[in-house]
Structures are given as C-alpha cells and as structure tokens.
Amino acid sequence: MTSSHSRPDWLRTHTCGELREANVGQSVVLNGWVDARRDHGGIYFVDLRDRYGITQVTLTPEQSDALPFSTEFVLGVHGKVVQRENPNPDRPTGLIEVRTERIEVLSPSPTPPIDIIDNLDAAVDTRLRYRYLDLRRGPLQRNLIHRSKFIASIRRAFEDQEFIEVETPVLTRATPEGARDYLVPSRVHPGQFYALPQSPQIFKQILMVAGYDRYFQVARCFRDEDLRADRQPEFTQLDMEMSFVHEEDVFAVWEGVMGRAFRENMGLELPQTFPRMRWEEAMDRFGSDKPDTRFGMELVDLAEWVPTCEFRVFQGALEAGGRVMAIRVPGGGSSVSRGQLKSLESAAKDLGAKGLAWWKPGEEGGAAGPVAKFMDGAVGEELLALTAVDGATTDGDLLLFGADAERIVWRVLGDLRLRLARQLDLLPPATGDGAQWNFLWVTHFPMFEFDEAAGRYFSSHHPFTCPEDETLGGDEPDVSKLVSRAYDLVLNGWELGSGSIRIHRQDVQARVFELLGIDASEQQLKFGFLLEALSYGAPPHGGFAVGLDRLVALTLGLDSIRDVVAFPKTTSAADLMCGAPSRVAPDQLAEVHVAPAGKALERDGSA
RNA sequence: GGGGGCGUAGCUCAAUUGGUUAGAGUGCCGGCCUGUCACGCCGGAGGUUGCGGGUUCAAGUCCCGUCGCCCUCGCCA
C-alpha cells in the first residue's frame, strides 16, 4: 500500500552543516532556522541554522522584499550551491553559499526572549521558562548529543559482557529508610500510596535471585530532598548487579565500561585498572571519602610530633582522644593573605573547628602566625621535615593545623585543602589537553554510622551490605569499628557512584538487623518480601550504580548538571516551562481520595 | 527549615546614595547600502522598576510583608 500523502517539495535535500565545495553546481533544498540576516541593499544574506551547522543563503532584493521573515523563523530554501566570492574560513560551510531560487516560510516566530547564541548571558529563570529555545542553542545541543552517545557506549559495553537490560517499576512501594519518597496516591486503593523509586535497589537484588546473573539499566530515580547545582529531584543512574562475584569483578566490569565510553566519546585512553584506596586511608590522607587526587597538599598526622611541642591546644586534642594534623600549602606564605586566613578560619569554624592555627615558617613575629612562638628551633625544624613534600624543603609555605576530634579534623582540613586548591589555582583544567581523569575506587567503608540525633546506628550504605567480617566481630562487637564491603567510584573529587557486595546469608542478615535495632516484626514489615525472596536460593551477588548526570557533566567540564539534563527543575523543584507542580481540580483529588491539609489549605484553592 | 545574593525595556546592565520626562548596549521595526558573516550608517517603537503595603512634598532608591530565581547549611541510606 502506498501513502496517500505526496511528498512536499520544500523538504530538505541536505542539512545546514553538510554542503561543501564538492556540492557546487547542485540544486538543493535546505530547511532551518534564521540565525542572522544581513541586508546590503543589492544583496541579502541569511544564515540558516539547524543542529548540524550554519549555511549562508543569498537572496535578491526582490526575494527579500517579497517575503517578510525574522530571526528564528523556519524557512525552506530552494537554490543552487555556488562558490563564494568572499569565503569565510571560520565556518565549515564557509567556502560555499546557496543562491536562492525559491524561499518559503514554514513557520514564523516572535522575537525570542533569549538569543539563540553560544555565549548566552541570560537569567536562569528565562532560560528554563523557554527551555525549548535554550535547548536550540549550540552548547546545549552538543551536551545532549554527547550524553546520548555516552549512554550508547555504556549500553554496548554492558551488552558485550552479557548484561541484560531489565526495566523495573516506577510505581513501587515506599522505602523505609533513606531519602524522602515521592508519593503517588492510588485511586483503586483509597488511602494507599505508591512511591517513586529512589533507586532500583531491591528489584535488582531480586533479579539476582531470579537468576538473571548480570543485570543493568539506565534507570530514572527520584528523591524528594532539597536541590543543589549537582542534584535534581529526578536523576539517572547506570545501575547494575552481578551474581557469583567478588569486589574485583565488579570493578573490572566498570573499568571496562568507563574505558570504552571515554575512548569512544572523548578519544581518551583510561588506565586498565583504577587505583583502590581504603576509606580509612582516604580520610587520613585527604580528609574526604571522595578525594580529589589531582593535586597534593595531603593531610599529615602530627601525633608523634605533638609531645615535642609546647602548644597546649595540640596536646589537649590528643589527650581527649582526638587527632592533630596539618596541611602544607606550597607558596602559601605569600599567596595566602591575612584576610584570606581570616575567611579560612571562619570556614573552619562553620565546619565545627574551634579555630584555625597556622604558621608561616618564612615570616617573623605576628606575620608568622599565632603558633609561631611554639615552633622555635628543633621543634619547627622537625615539623617542616615531617610535612615536606617528597623530602623537599621549600621556603615560604603555609602550614594549617587541625586539632580536634578525628571527624572534625578530617572534615576541616579536607575542606580547606579543596578551598585552597581552587583559590591558588592548583587544579588542572576540567577539560581539554591538560585535563586529568583521576578515577579511584574507595573501599572498606565503615559498616555503620552513629546518628547523634536518633541515638542509634544506621547503615552507612544500606542494611543489605555485606560486612567484611561475616561474624560481625563475634559476640561483643565494637559496632563503630566494623568494616563493610561497600565501595564508591570517585572521579576528580566527585562521587560518581556507589555499590556493595550484598549479604546473601540469612544468619548474617539477621545479625545486621539486630545490630541496627530492627526486630523481627519490624524486619517483616519493612523488608518482608525481599527477605522472603532472599530465602529462596539467593546467589552471592553485588552491584554498583553510577550517577549519569554527574558523569556526563564532568566529562564536559560543567559544574552544574542542569546543562546535561534536557528539562531540569529549579532549586525549589519546579519546572518553569510546564508549570509543575500545579494544583489539580477538586474532582481529580477526590478521585484519588486526597484532601488538602495544612499549608495547602491556607493558600486558598485557585485550582 | 536556617543563612547569603539577586529581581529596572525582549535580553544584559546604568540611574551621582530620596529629587526634572528612568538611560545605554544589544535585539526588534522602518529607511539607506552588492559581499557581509559581531556588517555599517540614519530613524523609531519598547517600562505596572517582581508583587502588595508603608514613610515622605517627592520612592527604582528607605521600611515592612510577599513571590520567584541562584548559592549554601541541614537533608540526599
């Protein structure tokens, strides 16, 4: 059967990015948006744009007078490709132009509220309100195309290793712990709610029980928490799970996946294996569980040295069971001013420090810092030797100290290290030739973390994470010291993703619940169906998930994931383009058995 | 929920610290120009200064409230 529609003659024969000298003499039809116009009286230039490029079109005065059009109109241009009198070497199509024979407006446009140019400087609200115009711009198009190709590489990499892509539900059950759920009321079950998944965690473990052995998915996840530049309420994870594996098997798969995606999309060869670092070492050397290893300024433990120093604050910190550590800022003696030290100190205080001790060994008197008087002679010499990078002694450095509980020292010095690296420009460029791609596996996370407010322990990862020691320390364990088989993948100081080897033995699982203070009835209530599934022959398994939005943003050198998400939301989780969230008609609410309450009542219902 | 910043023409920003008719660049509209590609020259339109209230002879400017956007702490197993 043939179509009853005849093919319109304005349909393009070429895109706006493909005509070259070889096409000179050909009759062509182009479709595209009016990027710019230049009227020279006797001749009229139009830059016609689509996502492939820009081609210059020439019109006679008669043609331009006969047909009014403006920027962002969509045109169909019939014409002949000709060599240019004045070529433009800056454009791929710059050697040719299309001399118009016939032109028609396929679609008009009012003056756009934002310019469709690469270097746009417009308010974010306007860009989000008219997202379709923002997305028409070159940089955003290139971002989304890069994202698409990146995902395609990852899919191929998983498929080549026998992974099976399985879709899991978006309407699912509320999760007992973790982030706040997005809820969806059920019409059929009055008073009951679905939740949108925070991750496919439970489903992927069940797929292992079901024998799928190697699963992956490009999965949308939802968390009803406050936003940041690198956090959206819905985001995309590259999720996977494997059976009959050890940590190293999971790492190897991802090293292959990342290697392929970087090779195919960025022309970069990543190392075949990424470095591994235990959590404890990451904290001790970088003050962070997601260390940026592209620069030095590592933390140095001063426990051995402190007793030789008279400074009571340092000694007091050790006596109280805390730590004393320092970072050495190369050249900081001159590059970090008193004013900057003040703001560093206030940053340190915001993070829980009582103050910030510093020393500029090259300086005299007050300029040398508040603790300089304790650094005379051998004491100072020894400290300089301890903190020297690769044994090298450089003059004019700055030493910053942390003396407090271990957590605070890590947090404060880890933060100052990053702050100073940015301030002093120690970071390599985010993209391009000088860029570094420091992938790192961080392993051996603590099993549990104590929550002061709740007064109990919580799983650092989640309660199905396998402990390193399956006896969990025996009869009287020190819960705070237990180590898990959870791991993170870190890239240049960003946490790309996390995962773990799971518990598959019921006795171990029961013991973990016991340590978390979750009794049998609560277990049944919260995790019943998963525990039941795991009882029917659960293979030993483990998995991992990577935040795709962050990964893509990083590979493009962007700070904000908004520029790699087609339709992002604002800091208050609103979609300015379609106006979500919105009020709904009372009928619609009644149908799902929901009535406004609290603040929803105060704002009188202008539905 | 807390802290900070911002809100003036379609867009990006000014407005001498409370004082005449709120300006500029850009975009848009009109005119001129045959080789531009950030075209050029001339002219024009375009404003509820986010919104509401207050102080004052007088408010873009000061005060109170409110809304929105951005950053950030909490939060995000």
Side-chain angles (χ1 to χ4, degrees), chain A residues 35-49 54-61 64-65 68-72 82-91 93-94 97 99 109-130 133-134 175-181 198-199 201-202 221-233 235 347 350-352 415 445-449 451 453-454 457-465 484 486 495 498-500 516 526-527 545 547 559-560 562 568-574 576 579 599 603:
Chain A
D35 193 63
R37 298 162 297 160
R38 293 175 293 280
D39 184 355
H40 284 257
I43 188 166
Y44 190 99
F45 299 103
V46 174
D47 288 339
L48 203 63
R49 181 194 68 233
I54 291 179
T55 297
Q56 175 165 286
V57 170
T58 62
L59 278 73
T60 63
S64 65
D65 288 345
F69 61 83
S70 187
T71 44
E72 299 312 316
V82 298
Q83 198 97 32
R84 280 212 209 175
E85 277 179 41
N86 297 312
N88 181 353
D90 297 334
R91 278 187 191 165
T93 62
E97 63 194 6
R99 187 182 296 153
S109 169
T111 304
I114 59 170
D115 296 331
I116 314 302
I117 53 174
D118 283 7
N119 295 313
L120 180 69
D121 179 23
V124 187
D125 334 13
T126 319
R127 292 179 50 192
L128 290 176
R129 163 111 204 273
Y130 301 95
L133 296 178
D134 203 18
T175 33
E177 288 185 72
R180 199 175 293 115
D181 287 315
Q198 295 175 26
S199 79
Q201 182 61 40
I202 287 172
C221 306
F222 307 85
R223 292 178 190 174
D224 188 3
E225 298 291 349
D226 286 350
L227 277 62
R228 293 284 188 281
D230 64 347
R231 229 155 66 191
Q232 284 276 306
F235 58 99
D350 286 346
L351 294 167
D415 182 87
F445 276 74
M447 188 80 185
F448 303 108
E449 276 168 46
D451 185 298
Y457 283 93
F458 281 87
S459 296
S460 302
H461 190 56
H462 60 61
F464 307 107
T465 303
S484 81
E495 183 198 316
S498 56
S500 66
L516 285 169
K526 288 180 169 177
F527 312 106
D559 295 325
S560 169
R562 288 197 188 99
K569 293 185 174 54
T570 66
T571 317
S572 60
L576 297 182
K599 284 187 181 173
R603 301 182 190 180

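Proteins get letters first, then strands, A, B, ... in listed order; numbering begins at 1 in each.
- With B/C76, B/C75, B/U12 as the candidates, the nucleotide lying closest to the side chain of A/D226 is B/C75.
- With B/U34, B/C73, B/C69 as the choices, the nucleotide that has an atom nearest any side-chain atom of A/I43 turns out to be B/U34.
- Checking the phosphate oxygens (OP1, OP2) of B/C69, no side-chain nitrogen or oxygen of A/R129 falls inside 4.0 Å.
- One can place CD of A/Q56 at 11 Å from C1' of B/C39, the figure rounded to the nearest angstrom.
- With the nearest nucleotide of RNA chain B identified for both A/F69 and A/D39, A/F69 has the one nearer the 5' end.
- B/G46 is unpaired under the Watson-Crick or G-U wobble criterion, no partner having all donor-acceptor distances under 3.5 Å.
- The phosphate of B/C71 has OP1 or OP2 within less than 4.0 Å of a side-chain N or O from A/T571.
- The side chain of A/S460 contributes no N or O atom lying less than 4.0 Å from OP1 or OP2 of B/A77.
- The distance between atom CG of A/D230 and atom C1' of B/C70, rounded to the nearest whole Å, is 14 Å.
- When the side-chain nitrogen and oxygen atoms of A/R38 are compared with OP1 and OP2 of B/C39, one or more of them lie within a distance under 4.0 Å.
- Between A/R37 and B/A38, a side-chain N or O to OP1/OP2 separation shorter than 4.0 Å is absent.
- The separation of B/G50 from B/C11, taken at their P atoms, amounts to 13 Å, rounded to a whole angstrom.
- Taking the nucleotide of RNA chain B with the nearest heavy atom to each of A/L576 and A/S459, the more 5' of the two is matched to A/L576.
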query: Yes or no on side chain to side chain contact (heavy atoms under 4.5 Å, CB included) for A/L120 and A/D134, after CA distance, side-chain angles and deciding distance?
result: CA-CA 9 Å; A/L120 180 69; A/D134 203 18; 4.1 Å; yes
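- A sub-4.0 Å separation between OP1 or OP2 of B/G10 and a side-chain N or O of A/T126 is absent.
- For A/P463, counting side-chain heavy atoms from C-beta on, the closest listed nucleotide (B/C28, B/A77, B/C71) is B/A77.
- Pair assignment for B/G27: none, as no Watson-Crick or G-U wobble contacts are both less than 3.5 Å.
- The side chain of A/R562 places an N or O atom within less than 4.0 Å of a non-bridging phosphate oxygen (OP1 or OP2) of B/C71.
- For A/R38 and A/D47, the salt-bridge test passes: some basic side-chain N is under 4.0 Å from an acidic carboxylate O.
- In this model, no side-chain donor or acceptor of A/R223 finds a partner on the base of B/C76 within 3.5 Å.
- Comparing B/G4 with B/C41, their C1' atoms are spaced 47 Å from each other, to the whole Å.
- Among B/G74, B/C11, B/G68, the nucleotide with an atom closest to any side-chain atom of A/R228 is B/G74.
- Side-chain proximity of A/V124 to B/U12, B/C69, B/C76: nearest is B/C69.
- When the nucleotides B/A77, B/C11, B/C70 are ranked by their closest atom to the side chain of A/L128, B/C70 comes out on top.
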